[in-house]
Amino acid sequence: MSKTNRTKGPMTTAIHAGEGPDPATGASSPPLHMSSTFVSDRLAGFSAHDLEEEGGFIYSRWNNPTVAMLEKKIAAMQGAEACLCLASGMAAATAIFMTFLSSGDHVVISDVSYAGVAELARDTLPRMGVEVTTVDMSDLEAVSAALRPNTTLVHTETPVNPITRLTDLSAVSALARQVGALLSCDATFASPLGMDAIGLGVDLVMHSITKYIGGHGDAVGGAVAGKADLIARMRNEAAIHHGGVLSPFNAWLIARGAATLPLRMKAHQAGALLVAQWLETHPKVTRVMYPGLPSHPQVDLAKRQMTNFSGMISFQVGTAQTGRSFAQQMIDRLEVIHYAVSLGHHRSLVFWMETDPLMETSFRLQGDQLNSYREFAGDGIFRLSVGLEDAEDLIADLDGALG
């Protein structure tokens with residue numbers, strides 16, 4: 001029977017995309033190529049600009065077979081033409097900014113973003129001569145008003161970390177197109193299976209692959225997926241010139257985790273929904289934010305835009321003092337859930353995030369933007385990444401910690 005090029009299902013894609021039996025040994029599992037350099041059978045220049053697309057492997061800062069395998073897998077899962085993997089999620093964000101922004105350009109960025117991205121936008125980009133406007137991306141009128149003739153990039157995040165606020169990607173994409181700007185989106189909270197970001201008009205979809213794609217908390221990495229010409233520009237700029245390359249060993253670990261992503265995302269969502277529903281009934285919990293709950297202020301957009309609500313929950317317990325007190329109780333009492341940063345792992349993780357310190361160090365919101373954040377986060381929130389444990393055990397653990 002002849003092979004076809006039909007689109008494979010998500011589970012088949014996660015397992016097989018980018019992979020094949022090792023031509024040297026016939027091994028079913030992909031090999032790990034821990035080599036910095038490769039023997040060449042042809043003349044080649046010393047610059048990566050001399051590389052041919054199908055020219056083979058020369059040096060692992062330029063390309064590596066294990067990393068290339070992961071890039072093909074993530075591109076297929078995201079429905080993109082190509083992907084670039086990098087050393088971390090922050091390396092991925094930096095790659096977008098430093099490739100497509102120059103002095104005199106203007107970028108519009110979500111007023112609430114991952115803390116490292118927020119600090120990069122507020123502290124570093126202006127030093128490079130880039131104008132930065134922060135805006136609540138859920139407010140389409142505000143997004144439209146922020147755009148300028150020199151806006152080169154619009155960068156959003158959905159669901160946003162840590163308050164699970166959503167961006168209507170189709171609508172923001174249409175606005176960006178009006179001024180000829182690219183749209184990039186940090187989709188780490190959603191994973192490639194949580195929404196069709198490319199189909200919704202996003203040009204560059206980034207992930208911290210440390211999180212859901214890797215899924216096991218044992219390897220750090222980042223990725224950006226999009227059109228082949230855009231990814232090629234980023235490869236030359238960010239990987240070859242800036243050197244933010246992903247270790248082949250981390251790529252191998254993350255690819256192994258990616259193979260089970262469809263199964264894991266179903267389990268993350270199922271567990272998170274049960275935990276979120278229970279949290280809404282707890283007398284000491286004042287608010288629960290999860291896109292899959294009817295109480296989420298953007299639940300209609302979530303249902304329209306997302307195909308999986310993931311395992312990320314944020315919840316409030318009252319004042320900042322109350323939150324700090326419960327955070328210490330969690331440190332002292334939790335037996336299953338780990339009190340730790342990061343997210344998207346098979347283990348459940350929880351961390352207290354107080355509003356005022358975030359405002360001072362990262363987001364630096366004022367006026368209406370600060371009021372908008374406080375509407376979601378109050379004086380602070382717990383960010384809970386629901387793992388793959390039995391939901392009943394997680395609920396019992398939280399019940400004991402909340403007292």
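Below, each value reflects all heavy atoms present in this structure, side chains not excepted, and no hydrogens, waters or symmetry copies. Since we're looking at a predicted model, the values are computed, not measured.
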Side-chain donor-acceptor pair present, T322, T319, cut-off under 3.5 Å: yes

Taking S314's backbone N and O only, do any of them form a donor-acceptor pair with R383's side chain (distance below 3.5 Å, no angle check)? no

Checking the side chain of K73 only, and the main-chain atoms of A14 only, is there a donor and an acceptor separated by less than 3.5 Å?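 Here the side-chain-to-backbone pair exists.
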
Can a side-chain donor-acceptor contact be found between S385 and H345 if the only test is distance below 3.5 angstrom? no

Donor-acceptor pair, H155 side chain versus S110 backbone, under 3.5 Å? no

Measuring from S208:OG to M206:CE, what's the distance to the nearest 0.5 Å? 7.0 Å

Can you say whether the rings of F38 and F57 are parallel (under 30°), tilted (30 to 60°) or perpendicular (over 60°)? tilted

Whether R264 side chain and L388 backbone form a donor-acceptor pair below 3.5 Å: no

Quick one: does S35's side chain have a donor or acceptor within less than 3.5 Å of a partner on T37's backbone?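 Yes.
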
Is the count of non-hydrogen atoms from other residues, nucleotides or ligands lying under 6.0 Å from Y339 atom OH greater than 12? yes

How far does CG of D399 sit from CG of L394, to the nearest 0.5 angstrom? 12.5 Å

Just so I know, are the side chains of L261 and P10 near enough to count as touching, which here means a heavy-atom distance under 4.5 Å? no

Would you check if T152 and H106 make a side-chain contact, meaning some heavy-atom pair closer than 4.5 Å? no

So, do H242 and M98 sit near enough that their side-chain heavy atoms are less than 4.5 Å apart? yes

Does the S348 side chain pair with the main chain of L384, one donor and one acceptor, at a distance under 3.5 Å?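 Checking the backbone N and O of L384 against the side chain of S348, no donor-acceptor pair under 3.5 Å is found.
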
Would T164 and H296 satisfy side-chain hydrogen bond (donor to acceptor under 3.5 Å, both in side chains), going step by step from the backbone distance to the final call? CA-CA 9 Å; T164 75; H296 193 284; 3.2 Å; yes

Just checking M34: does its CE atom have more than 12 heavy atoms from other residues, nucleotides or ligands closer to it than 6.0 angstrom? yes

Distance from H346 atom NE2 to T260 atom OG1, nearest 0.5 Å?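 Going from NE2 on H346 over to OG1 on T260, the span is 10.0 Å.
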
Here the gap from H338 atom NE2 to I331 atom CD1, rounded to the nearest 0.5 Å, amounts to 13.5 Å

Side chains of R235 and N63: donor-acceptor distance under 3.5 Å anywhere?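 Not at all, the side chains of R235 and N63 share no donor-acceptor pair under 3.5 Å.
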
Flag side-chain contact, heavy atom, 4.5 Å: Y212 against H268: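 In contact.
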
Take D139 and R165 through the test salt bridge (Lys or Arg N to Asp or Glu O under 4.0 Å) and record every step on the way to the result. CA-CA 11 Å; D139 184 343; R165 191 177 71 196; over 6 Å; no

For the CD1 atom of I254 and the CG atom of L246, what is their distance to the nearest 0.5 Å? 5.5 Å

Contact summary for T13 and K8, nearest pair of heavy atoms: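 Minimum heavy-atom separation between T13 and K8: OG1-O, 3.5 Å.
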
Closest approach of V143 and V135, non-hydrogen atoms and distance?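 Looks like N-CG2, 3.8 Å.
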
If we ignore angles and hydrogens, is there a donor and acceptor under 3.5 Å between the side chains of Q298 and S138? no

Quick one: CD1 on I109 to CG on L120, what's the gap to the nearest 0.5 Å? 7.5 Å

Contact check, side chains of I337 and V386, non-hydrogen atoms, under 4.5 Å: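 No, side chains not in contact.
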
Can any side-chain N or O of D397 pair as donor or acceptor with the backbone N or O of E335 at less than 3.5 Å? yes

Within a strict 4.5 Å, meaning less than it, do heavy atoms of the V245 and N64 side chains meet? no

Side chain proximity check, P248 to H33, heavy atoms < 4.5 angstrom: no

Donor-acceptor contact below 3.5 Å, side chain S310 vs main chain F189: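 Yes, because the side chain of S310 sits within donor-acceptor range (under 3.5 Å) of the backbone of F189.
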
Starting from the C-alpha separation in whole Å, work towards a yes-or-no answer on salt bridge (Lys or Arg N to Asp or Glu O under 4.0 Å) for R177 and D203. CA-CA 11 Å; R177 295 286 183 275; D203 298 295; 3.1 Å; yes

Is a side-chain donor or acceptor of N150 paired with a backbone partner of G104 at a separation under 3.5 angstrom? yes

Check the orientation of W252 and F249. Use parallel for under 30°, tilted for 30 to 60°, and perpendicular for over 60°.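 Correct class here is parallel.
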
Can any side-chain N or O of E157 pair as donor or acceptor with the backbone N or O of Y114 at less than 3.5 Å? yes

Any idea how W352 and F382 line up, ring-wise: parallel (<30°), tilted (30 to 60°), or perpendicular (>60°)?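 Judged by the thresholds at 30° and 60°, the geometry between W352 and F382 is tilted.
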
